[in-house]
Amino acid sequence: MSTIQDLPLEDMLAEKPAVVNDFQIMIATVNGSGSQTANTVLLRAMFRMGIPVSGKNIFPSNIQGLPTWYTIRLSKNGYTARLEDYHVLVAMNQQTIADDIANLAPGGACYYPEEWNLKHERDDIVYYPMPVKALTDASDVPANLSSYIANMVYVGVLATMLNIELSYIEGALDYHFNGKAKPVQMNMKVVQAAYDWAQDHLAKRDPYAVEPMNATEGRLLMDGNSAAALGAVFGGVTFAAWYPITPSTSLIDALREDLAKYRIDPETGKATFAVIQAEDEIGALGMVVGAGWAGARAMTATSGPGISLMTEFAGLAYYAEVPAVIWDVQRMGPSTGLPTRTSQGDLLTCYLLGHGDTRHVVLLPGTINEIFEYGWRAFDLAERLQTPIFVLSDLDLGMNLWMSDPFEYPAEPMDRGKVLTAEDIERAGRFARYEDVDGDGIGYRTLPGIDHPLGAYFARGTGHNARAVYSERPDDWVENMARLRRKWETARTLVPRPVVDQVSGAEIGLIAFGSTDPCVVEARDQLSARGIATSYLRLRALPLEDTTRRFIESHERVYVVENNTDGQMASVLHMEYPDLASRIHSIAYSDGLPLSPRWLTAAVLEQEGR
């Protein structure tokens, strides 16, 4: 919470120069009011101006009526982490306006509907009333749309007061409505009216403004769930089964739309894919495992509670060695938790999911580009390793819009792994499904329907020998688990390697993964400004490989930064490198929001005793 200063506003503004392209906007509305259109239009308009931006939606787990906040951060330096402060407030929710104004940074600007007759209790901020009702009533839009169109009033007012050209607003609206002229014109009519009104009636009394830059040329804005879906299409997905759960539902929604565009047989007009809503998450993964066994590239998407239900089938796929891709768009747990808040709390669950000695390959994308890449690469790994691949995104990455470089078309052909044909078996004269022929722990498989009498086998979740024959012999069990351990070691060589920024002479190393990256990047700059040099390793997958060990060995102290309460990645590192445990320290925090650079900087300084 901001501390209200005693300095009069006029003196503050006189001493403070213009703040251009380097502040945060908070828009407080009511869930279900249609504000998302207005908010993303503002975000895209400023992105089109060449300004680096990031948007975060903080919404409740109901359909309509509860408070919603949307932040737009502008950063001329390209930072995209969440700020704790906001400097421009659009207060459109009477339930929260008192707290929203109380938390506005000193010197900030507050926009609110004039019909509320708001008492101006703070003398260190600027209040700007907006005639929301009057301009909405004058717009002549259908009554059922008036509450939605009202949000365009603050779009028009902010365009005037922040200096956003209306052509950028209109372009963003055109993008949002897919070029449909009627809704674009209807919304622009209100935007223009509000823009004109603000020019005539409001005097600029705060320092915040925007100016065109050239920092977003060639880049795109996309949410992670859409990027994951597109990546899966590029990876050759042909089957998906799912059960709706926030925040992963929009991933399957996007996948269905993409497949309907790109996976229709041009001659027959029929779909060459199947997307099925199962009765629950257990059934969803069961279908995916069956499809993967049959040779399809199959996937599901869920969140923490769904992962819990999928445990039995995940264990079956691990031990029977069936390819599957499982996206976990993480949210707050345990139990139902906070369905519309973000966290990284499923790491250990996915890594060790299943009873007995089970370890899964886990991919940890940290950017939208990586989410797209892992969308297709996960299938290659699943089929090469013949195992479930978990891809851990989260609500922040999955449902918010992020800047990204254009996606790269996969440079290598699809890797279907060790799949034998009838001709292969005929030449070999034999086939043993779980035999380690190559010493990498990965057996050869066949697909159902193979036209060879030696090609069939049972995909067993029970004890079995190299020929897939049921066995309770201790030596068969020990050999099978030893082979799975060899496959695990092979996985270390195949998964994406960490991204490392090694700083010469730095005693401190930071390790993070996933959506914590923007926080770490900015906090490192803040620490550097205080004379504290840090190196940084961003993990991108489990199992770990030697890069991480060498990084820890080269630093006196390594802080593992993660958005959960228990420090789950730090626990993995302690398990993997017990001899280095004294160097590994956890900095973990989880309150449902993305981690902030201010918090991390303070946490490191506290650990360092500074």
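Computed from a predicted structure; not experimentally measured.
- The aromatic rings of Phe234 and Phe372 stand perpendicular to each other, their planes meeting at an angle above 60°, with 30° marking the opposite boundary.
- One finds no salt bridge joining Arg341 and Asp394 here, because no Lys/Arg side-chain nitrogen approaches an Asp/Glu carboxylate oxygen to under 4.0 Å.
- Within the 3.5 Å criterion, the main-chain N or O of Arg263 finds a donor-acceptor partner in the side chain of Thr272.
- For the pair Asn563 (side chain) and Leu593 (backbone), a donor-acceptor distance under 3.5 Å is present.
- Between the side chain of Gln330 and the main chain of Ser393, a donor-acceptor pair closer than 3.5 Å is present.
- Donor-acceptor pairing under 3.5 Å is lacking for the side chains of Asp396 and Ser515.
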>> I'd like to know whether Asp546 forms a salt bridge (charged side-chain N to carboxylate O under 4.0 Å, His left out) with Arg497, so could you lay out the CA-CA distance, the side-chain angles of the two residues, the decisive distance to 0.1 Å, and finally the verdict.
In response: CA-CA 9 Å; Asp546 285 344; Arg497 300 173 71 85; over 6 Å; no
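- A salt bridge links Arg377 with Glu412: at least one charged nitrogen is closer than 4.0 Å to a carboxylate oxygen.
- Under the 30°/60° scheme for interplanar angles, the aromatic rings of Tyr318 and His360 are found to stand perpendicular.
- Here Asp85 pairs with Arg598 in a salt bridge; the nearest charged N to carboxylate O distance falls below 4.0 Å.
- No side-chain N or O of Trp69 forms a donor-acceptor pair with one of Asn93 less than 3.5 Å apart.
- Note: His585 and Tyr559 have tilted aromatic rings, judged against thresholds of 30 and 60 degrees for the angle between ring planes.
- A salt bridge links Glu576 with Arg492: at least one charged nitrogen is closer than 4.0 Å to a carboxylate oxygen.
- Counted by atom type alone, Asp99 and Thr96 present zero donor-acceptor pairs between their side chains at under 3.5 Å.
- Checking side-chain atoms of Asn77 against main-chain N and O of Tyr79 turns up no donor-acceptor pair under 3.5 Å.
- Under the 3.5 Å distance criterion, with hydrogens and angles disregarded, no donor-acceptor pair is assigned to the side chains of Tyr70 and Asn400.
- Contact detail for Leu104 and Val88: the closest heavy-atom pair is CD1-N, 4.0 Å.
- For the pair His176 (side chain) and Thr37 (backbone), a donor-acceptor distance under 3.5 Å is absent.
- In summary, Arg219 and Asp405 engage in a salt bridge, as defined by a charged side-chain N under 4.0 Å from a carboxylate O.
- Between Tyr351 and Trp488, the ring planes lie tilted relative to each other; the angle falls in the 30° to 60° range.
- Electrostatic pairing of Arg416 and Glu383 counts as a salt bridge here, judged by a charged N lying under 4.0 Å from a carboxylate O.
- Between the side chain of Asn225 and the main chain of Met399, no donor-acceptor pair closer than 3.5 Å is present.
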